[in-house]
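Values in this document were obtained by computation on a predicted structure and should not be read as measured data.
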Amino acid sequence: MNKKYVFVTGGVVSGLGKGITAASLGRLLKNRGYKVTIQKFDPYINIDPGTMSPYEHGEVFVTDDGAETDLDLGHYERFIDESLTKKSSISSGQIYQSVINKEREGKYLGKTIQVIPHITNEIKENIYSIEGTDIDISIVELGGTIGDIEGLALVEAIRQVGLEKEDGDVAYVHVTLLPYISGSKEIKSKPTQHSVKDLQSMGIKPDILVCRSDEKIPEEIKEKLALFCNVKKENVIQNLTADNLYAVPLLLEKEGLGDAICRTLKLKNTKPDNSKWESMINKIRKIKDEINIAIVGKYMKLEDSYLSVAESLKHGGFANNVNVKVGFVDSGKINKDNVKEILGKYDGILVPGGFGNRGIEGKIEAIKYARENNIPFLGICLGMQLAVIEFARNILNLKDASSAEFDKNTKNPVIHIMENQKGITKKGGTMRLGKYPCKIKKNSLAYKIYKTENIEERHRHRFEFNNDYKEAFEKEGLICSGTSPDGELVEIVEYEKHPFFIAGQFHPEFKSRPDRPAPLFVALVKASKEYNRNKKK
């Protein structure tokens, strides 16, 4: 079978859920037995989102091979359950940088470098990276909205792919909004018509329209869209707002998206096996119990800053037959006088990753509150480092204990940058990025959670636990239950005198799936559910 390509574009407005549509389509094709991968091409000039503000772009997702990517890759991985790579996240900045580097190296033999063909060829080279692999179908999502000036080269490149590949090897899916006007109680198709007209003016005829709507789309609207947009009526797919994010693939299957793609790509395996996914969704819908878990972070103006963490908590809830109501708590508003008032209603507390010293003291107060009141606690990355600092200050009585990230002159840098770190990546400084191994001590809480001595988790940080203080911490009960295989880098700490107090230097949320949740989140939710039950007695 020839390699197949599905291009997903967006129209009318941003934030329509192109990423969820692409991820859902990946799941539907995988359920038909195909080997699927997904790529995201973003039009911004940044090399990657690694240095972008979470308020601008939401969370930075990290792959096994250390790519700092757009948050849509998290959706892709959670839906298709495949580990993606650096090749799955491409920005215009990367494309231009590569072309300019080649020009400087003389690889274009003195030619005048232009958007067409040099930039578009570079884009296509990345798209065609699946050639020669075992991948059957590549789904390629274009960031931004059709008509954005910065995305023109991307649109031109995918137009050329349609010209270069054989009939039936390429499908174009356009995701648009059908706004509902409450005053006249009408769904309006005109914005979609204009969006498709823009796309057609660039040489691309969409094969399938996925229409986002909060209201059921009448048949006459589908007929109108088919006529004016030159799309078969059966390929006008309704995408209503779902009661659960993970129900979207099944809703789109019911509306005919899977069949439409199979027809367009001339696929032989047309019958899906959605039974396991359906079983998962049915189980989720039957859950009645509810618990509250707080994410105490500093980027609370945009909840997408902690998207994977919030989703992982929900996954942990699925495994424990409980709905997790996530509370987004701004650490900058927490102090020792109001911490109980703010966090007292929660059954569990999670302190996630981050950079910089803003909001740090509030997070430390939250950790202290969890530790002293036996509230289930999970620290992630910076959350682990702050758990160490809190313990040093309040149990080891090292009142000035801090991280070298926040205070270069502290006399007790319990968190610091290790010299001669192995396997680090240089990106604006010393950083551990991507998948690293961890060896877990037997008879520890971590071992009870993971049920194995050897795990691998993804990292994104510069600073490490200072081993000079290890003996003092362990003497008081904060043990280092997970380390790098050579014992040099501390990966997990846990407090033996607490029912559930554990923190990891890594980001377990990046590997969590709705049907295969990350063990630490399952354990946190289980402990929080038990805490909630005891609280009601």
Could you check Asn274, Asp273, Asn269 and say which one makes a side chain to side chain donor-acceptor pair (under 3.5 Å) with Asn31?
Asn274

Test side chain to side chain contact (heavy atoms under 4.5 Å, CB included) on Phe506 and Cys381 and set out the steps.
CA-CA 5 Å; Phe506 43 79; Cys381 196; over 6 Å; no

Side chains of Ile349 and Ile367, heavy atoms from C-beta outward: is any pair under 4.5 Å?
no

Exactly one of His507, Glu509, Arg78, Lys511 clears side chain to side chain donor-acceptor pair (under 3.5 Å) with Ser308, and that residue is Arg78

Do Pro206 and Val173 have side chains that get closer than 4.5 Å, going by heavy atoms?
no

What pairs with Phe61 under ring-ring contact (aromatic ring centres under 6.0 Å, His included), at least two apart in sequence or on another chain?
Phe510

Going by heavy atoms in the side chains, are Arg27 and Trp277 under 4.5 Å from each other?
yes

Quick one: do Glu59 and Asp304 satisfy side chain to side chain contact (heavy atoms under 4.5 Å, CB included)? Show the steps, please.
CA-CA 6 Å; Glu59 76 172 6; Asp304 275 358; over 6 Å; no

Test item: Phe355 and Arg460 side chains (from C-beta on) under 4.5 Å apart, heavy atoms
yes

Please report the C-alpha distance between Val36 and Glu82 in whole Å, then the side-chain angles of each, then the deciding distance to 0.1 Å, and finally whether the side chain to side chain contact (heavy atoms under 4.5 Å, CB included) criterion is met.
CA-CA 8 Å; Val36 178; Glu82 299 284 346; over 6 Å; no

Between Phe500 and Tyr531 (judged by ring centroids, cut-off 6.0 Å), do the two rings come close enough to count as a pair?
no

Taking the side chain as C-beta and beyond, is there a heavy-atom pair between Phe41 and Ser89 under 4.5 Å?
no

Side chains of residues 258-265: which donor-acceptor pairs under 3.5 Å do they make with residues two or more places apart or in other chains?
{"residue": "Asp259", "atom": "OD1", "partner": "Arg32", "partner atom": "NH2", "Å": "3.4"}
{"residue": "Arg263", "atom": "NH2", "partner": "Asn235", "partner atom": "OD1", "Å": "2.8"}
{"residue": "Thr264", "atom": "OG1", "partner": "Ala260", "partner atom": "O", "Å": "2.8"}

Charged tip of Lys314 within 45° of Phe521 ring normal and under 6.0 Å:
no

Does atom NZ (Lys124) have a neighbourhood of more than 12 heavy atoms from anything else shown, all under 6.0 Å?
yes

Do the rings of Phe7 and Tyr5 sit parallel, tilted or perpendicular, given the 30° and 60° boundaries?
parallel

Which of these passes side chain to side chain donor-acceptor pair (under 3.5 Å) with Arg458: Asp65, Asp64, Thr63?
Asp64

Applying salt bridge (Lys or Arg N to Asp or Glu O under 4.0 Å) to Glu290 and not counting sequence neighbours gives none

Would Asp330 and Lys298 pass as an ion pair if we require N to O under 4.0 Å?
no

Decide yes or no for Tyr172 and Val6: does some side-chain heavy atom of the first lie under 4.5 Å from some side-chain heavy atom of the second?
no

Could you go through the salt bridge (charged side-chain N to carboxylate O under 4.0 Å, His left out) check for Lys266 and Asp169 one step at a time?
CA-CA 8 Å; Lys266 300 178 180 179; Asp169 287 349; over 6 Å; no

Atom pair NZ/CG of Lys276 and Asp515 - distance to nearest 0.5 Å:
9.0 Å

Distance-only donor-acceptor hits, side chain of residues 136-148, under 3.5 Å, sequence neighbours excluded:
{"residue": "Asp136", "atom": "OD2", "partner": "Lys35", "partner atom": "N", "Å": "2.8"}
{"residue": "Glu141", "atom": "OE1", "partner": "Tyr76", "partner atom": "OH", "Å": "2.3"}
{"residue": "Asp148", "atom": "OD2", "partner": "Thr145", "partner atom": "N", "Å": "2.8"}

Who passes ring-ring contact (aromatic ring centres under 6.0 Å, His included) against Phe328, sequence neighbours left out?
none

Ring centres of Phe228 and His194 under 6.0 Å apart?
no

With a 3.5 Å cut-off and no angle check, do the side chains of Glu215 and Ser213 form a donor-acceptor pair?
no

Minimum heavy-atom distance between Asp48 and Ser91, given as atom pair plus value:
N-OG, 4.4 Å

Suppose we screen for side-chain contact (heavy atoms from CB on, under 4.5 Å). Which residues come up paired with Ile47, at least two apart in sequence or across chains?
Gln94, Gln97

Evaluate the side-chain proximity of Arg212 to Val175: yes if any heavy-atom separation is below 4.5 Å, no if none is.
yes

Any side-chain heavy-atom pair of Lys224 and Glu220 under 4.5 Å:
no

